Participant: 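I have a structure here, written as structure tokens, and I will follow up with some questions on it.
As the structure is a prediction and not an experimental result, all values here were calculated from the model.
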Amino acid sequence: QVQLVESGGGLVQPGGSLRLSCAVARSPVSIYTSGWYRQAPGKQRELVAQITGGGVTTYADSMKGRFTISRDNAKNTVYLQMNSLKPEDTAVYYCNHKRPGLGTYWGQGTQVTVSS
């Protein structure tokens with residue numbers, strides 16, 4: 001069974017940085033697509049960033065130039081580096097991983113709060 005475990009969330013001041021990690025068990029991130037989504041209070045879940053097995057990345061417009069998705073194939077872990085954080089970035093961040101023919105898997109989420 002594919003399992004995802006997120007870590008790295010917390011409280012940060014506006015303009016600060018955080019790095020989120022997503023450890024994926026029993027499915028290779030070097031072959032299949034992984035991504036980060038977020039859900040803020042009162043809003044729908046939205047795509048933050050995505051990386052395919054081939055290494056092609058995609059970002060939501062509001063995150064371009066501030067967030068970077070990457071991976072470590074040896075650790076089978078996906079990362080989200082977040083810089084220049086804004087209060088509107090406050091949300092629960094979820095990692096996901098897609099397996100064609102099997103489905104999409106989600107982590108439990110990690111809280112990111114941007115506040116002074």
Participant: Backbone N or O of Val114 within a donor-acceptor pair of the Thr90 side chain at under 3.5 Å?
Facilitator: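 Indeed, once roles are kept as given, a pair shorter than 3.5 Å links the two residues.
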Participant: May I ask you to check whether over 12 heavy atoms, not counting those of Gln108, lie within 6.0 Å of atom CD?
Facilitator: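 Open.
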Participant: Do you know the tightest heavy-atom contact between Ser84 and Ser17?
Facilitator: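 Between these two residues, the closest heavy atoms are N-OG, 4.4 Å.
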Participant: Once the angle between the rings of Tyr94 and Trp106 is folded into 0 to 90°, is it parallel (under 30°), tilted (30 to 60°) or perpendicular (over 60°)?
Facilitator: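 Perpendicular, since the angle between the ring planes exceeds 60°.
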Participant: According to a hydrophobic-cluster definition based on side-chain heavy atoms being under 4.5 Å apart (Ile, Leu, Val, Met, Phe, Trp, Tyr only), do Trp36 and Val2 belong together?
Facilitator: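 Hydrophobic grouping puts Trp36 with Val2.
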Participant: Taking all non-hydrogen atoms of both residues, which atom of Ala91 and which atom of Arg38 are closest, and how far apart?
Facilitator: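 In this case the closest contact between Ala91 and Arg38 is CB-CB, 3.9 Å.
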Participant: Keeping Glu6 on the side-chain end and Gly109 on the backbone end, is there a donor-acceptor pair under 3.5 Å?
Facilitator: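 Indeed, once roles are kept as given, a pair shorter than 3.5 Å links the two residues.
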Participant: What's the shortest heavy-atom distance between Leu47 and Gln50, and which atoms?
Facilitator: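 Looking at all heavy atoms of both residues, the shortest contact is CD1-CB, 4.3 Å.
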Participant: Restricting to non-hydrogen atoms, name the atom on Arg99 and the atom on Arg26 that form the minimum distance, rounded to 0.1 Å.
Facilitator: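 Residues Arg99 and Arg26, closest heavy atoms: NH1-O, 4.1 Å.
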Participant: Hey, any chance Val112 and Tyr79 share a hydrophobic cluster, counting ILVMFWY side chains that come within less than 4.5 Å of each other, even indirectly?
Facilitator: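 Different clusters: Val112 never reaches Tyr79 through Ile, Leu, Val, Met, Phe, Trp or Tyr contacts under 4.5 Å.
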Participant: Apply side-chain contact (heavy atoms from CB on, under 4.5 Å) to residues Ile51 and Ser70 and explain how you reach the verdict.
Facilitator: CA-CA 7 Å; Ile51 184 166; Ser70 63; 5.7 Å; no
Participant: Would you say the side chain of Met82 lies within less than 4.5 Å of the side chain of Arg66, judging by non-hydrogen atoms?
Facilitator: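 Sidechains of Met82 and Arg66: no contact.
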Participant: Following the transitive rule for hydrophobic clusters with a side-chain heavy-atom cut-off under 4.5 Å over Ile, Leu, Val, Met, Phe, Trp and Tyr, establish whether Leu80 and Val12 coincide in one cluster.
Facilitator: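 Same cluster.
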Participant: Tell me the closest heavy-atom pair linking Gly9 and Leu20, and the distance in Å.
Facilitator: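 Result for this residue pair: N-CD2, 3.6 Å.
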Participant: Would you sort out whether His97 and Tyr32 count as a side-chain contact (heavy atoms from CB on, under 4.5 Å), showing the intermediate values?
Facilitator: CA-CA 7 Å; His97 182 77; Tyr32 303 104; 3.7 Å; yes
Participant: Is there a path from Leu102 to Leu4 through hydrophobic residues (I, L, V, M, F, W, Y) whose side chains come within less than 4.5 Å of each other?
Facilitator: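 Yes, same cluster.
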Participant: Could you check whether any side-chain N or O of Asn76 sits under 3.5 Å from a backbone N or O of Val29, counting only pairs where one atom can act as donor and the other as acceptor?
Facilitator: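 A pair under 3.5 Å: yes.
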Participant: Have Arg71 and Ser34 got a donor and an acceptor in their side chains that come within less than 3.5 Å?
Facilitator: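 Absent: no donor and acceptor within the cut-off.
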Participant: Under the criterion side-chain contact (heavy atoms from CB on, under 4.5 Å), I'd like the reasoning laid out for Val24 against Tyr105: C-alpha separation, chi angles, the key distance, then a yes or no.
Facilitator: CA-CA 10 Å; Val24 180; Tyr105 300 88; over 6 Å; no
Participant: Could you tell me whether Asp89 and Lys86 make a salt bridge, using a distance below 4.0 angstrom between a side-chain N and a carboxylate O?
Facilitator: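 Between Lys86 and Asp89 there is no salt bridge, as every charged N stays at least 4.0 Å from the carboxylate O atoms.
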Participant: Minimum heavy-atom separation for Tyr59 to Ala49, with atom names?
Facilitator: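 For Tyr59 and Ala49, the tightest heavy-atom pair comes out as CD2-CB, 3.6 Å.
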Participant: Applying the side-chain contact (heavy atoms from CB on, under 4.5 Å) test to Thr57, which of Thr52, Thr68, Ile69 qualifies?
Facilitator: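 Testing Thr57 for a side-chain contact (heavy atoms from CB on, under 4.5 Å) against Thr52, Thr68, Ile69 leaves exactly one candidate, Ile69.
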